[in-house]
Amino acid sequence: MRLSQYFMPILRDDPKEAEIVSHRLMLRAGMIRQEAAGNYSWLPTGFKVLKKIEQIVREEQDRAGALEVLMPTIQPAELWKKSGRYDAYGKEMLRIKDRHDRDMLFGPTNEEMITDIFRQGVQSYKDLPRNLYHIQWKFRDEVRPRFGVMRGREFLMKDAYSFDISREAGQHSYNKMFVSYLRTFARLGLKAVPMRAETGPIGGSDSHEFLILAETGESGVFFDGDLHGMDWEKSGVNYDDVAGIAAMVEGFTSRYAATDEKHDAAEFERRVPEAKRMTGRGIEVGHIFFFGTKYSEPMGCEVQGPDGKKLFVHSGSYGIGVSRLVGGIVEASHDDAGIIWPEAVAPFQMGLVNIKVGDAAVDVACSRIYEALQAKGVDVLYDDKEGGAGGKFAAMDLIGLPWQVIVGPRGLKEGIAEVKNRKTGARENVPLDQVVGRFGA
Ligand code: P5A
């Protein structure tokens, strides 16, 4: 992509409304624009990052055996009247009337709808277990939307829903999602610590939140420092190995980790030696729930059991804040100059900087590199706009692409370009004919 043909409205000055670094950097880098409180447009680079995160989340859900569907954003109120949550959800739910005066709502979550879909589609225990998920916009009329996309009103969530024949089988579905979350967040370059949590308006008996550590996080966190040394990647996971998956989960849940809502100071002191007691703040990027029959009973979601008798299915739900993660990653990965994208989610793999646009030799050298990189399938942002070198470097650092290739008249005379790693700041002079070979497959 040539910058001269792109849309990335960079702000020179810090926007006043941004209280935290991720919000400030996302606005300054031209990734998002606020349309109303907690309601954002995603501009090209922001949207690319959002899509990359969404794809990683999708791949790990698929790998864990979940099946992708897409439910609408607008839901009929009847379903929620059945579960009893229509009144209980309160002002956070955006209620709408259609032209026939029917009660509708903009979905804050989908337990009711998916349970109804499942009720109609499955009759026998032989069709269990199943896990259905979608990645869809939600609306919650939050009391205090803030911190940009971190606490929005309209936000993108991945929500999965599992259905099982028994409590024990449901536990395995829960454990599979638990492990898939560790893998998902690790692929995003994050360590998201699973912690005991409150279930709030979603309800249920068991629940874990996944939190990334950040000073600006909304929750206080207390955990055992030994968790840092755990295997977070879970690379060789076999999701059919019931005992193996349970052991992986147990490895985490047997160590103390709780948000302030569930924190028990006496237990923390008893179970964790002082030197290992870690406290701080965290951003909740995922939350998983086990319900038992909390939704299946009121919604009449039964299947025929092995003995011919009807039984209510055991369900769980599993959320990841996809749009929140964009801010969360920036919060975890930035410096004074701007964003530092992990390679897996960067809007472009690299930036090519022409520091003397109009100098025929530099223009030709840059075009050659740009075209060769494109031919190789490397996603490159080519700064081919007129402007001073200082401003170009600052903009590249701000938008945080993992690599920068800088070409100017002086280097060109010696046949070299400068290659800079955004994260380490390391710079290297590379012969022009070797630049392209450095990137891509
Ligand atoms: C789980 C899936 C649920 O809604 N029902 C379906 C369950 N859980 S949750 O904890 O309420 O939300 C799941 C994740 O969504 C993100 N999130 C938000 N992101 C941005 N702005 C918001 N206002 C917001 N509210 C929730 C969080 O990452 C949360 O873990």
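Read the numbers this way: they start at 1 and go in the same order the structure lists the ligands and their atoms. Just so it is clear, the model here is predicted, and its values are computed rather than measured.
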Which residues satisfy the side chain to side chain donor-acceptor pair (under 3.5 Å) test with [X], sequence neighbours excluded?
| X | result |
| --- | --- |
| T216 | E331 |
| Q34 | Y40 |
| R33 | E35 |

Quick one, Y6 with F348, criterion ring pair (Phe, Tyr, Trp, His ring centres under 6.0 Å). Give me CA distance, side-chain angles, the key distance, then yes/no.
CA-CA 13 Å; Y6 203 45; F348 295 92; 5.5 Å; yes
Give the ring-plane orientation class for Y295 versus F291, where under 30° counts as parallel, over 60° as perpendicular and anything between as tilted.
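Perpendicular.
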Classify the angle between the aromatic ring planes of F163 and F118 as parallel (below 30°), tilted (30 to 60°) or perpendicular (above 60°).
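It falls in the parallel class, under 30°.
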Heavy-atom cut-off of under 4.0 Å around ligand 1: list whichever protein residues fall inside it, by chain and number.
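Protein residues near ligand 1 are T109, E111, R140, E142, V149, M150, R151, G152, F155, M157, D159, Y161, I202, E284, V285, G286, H287, F289, S317, Y318, G319, G321, R324.
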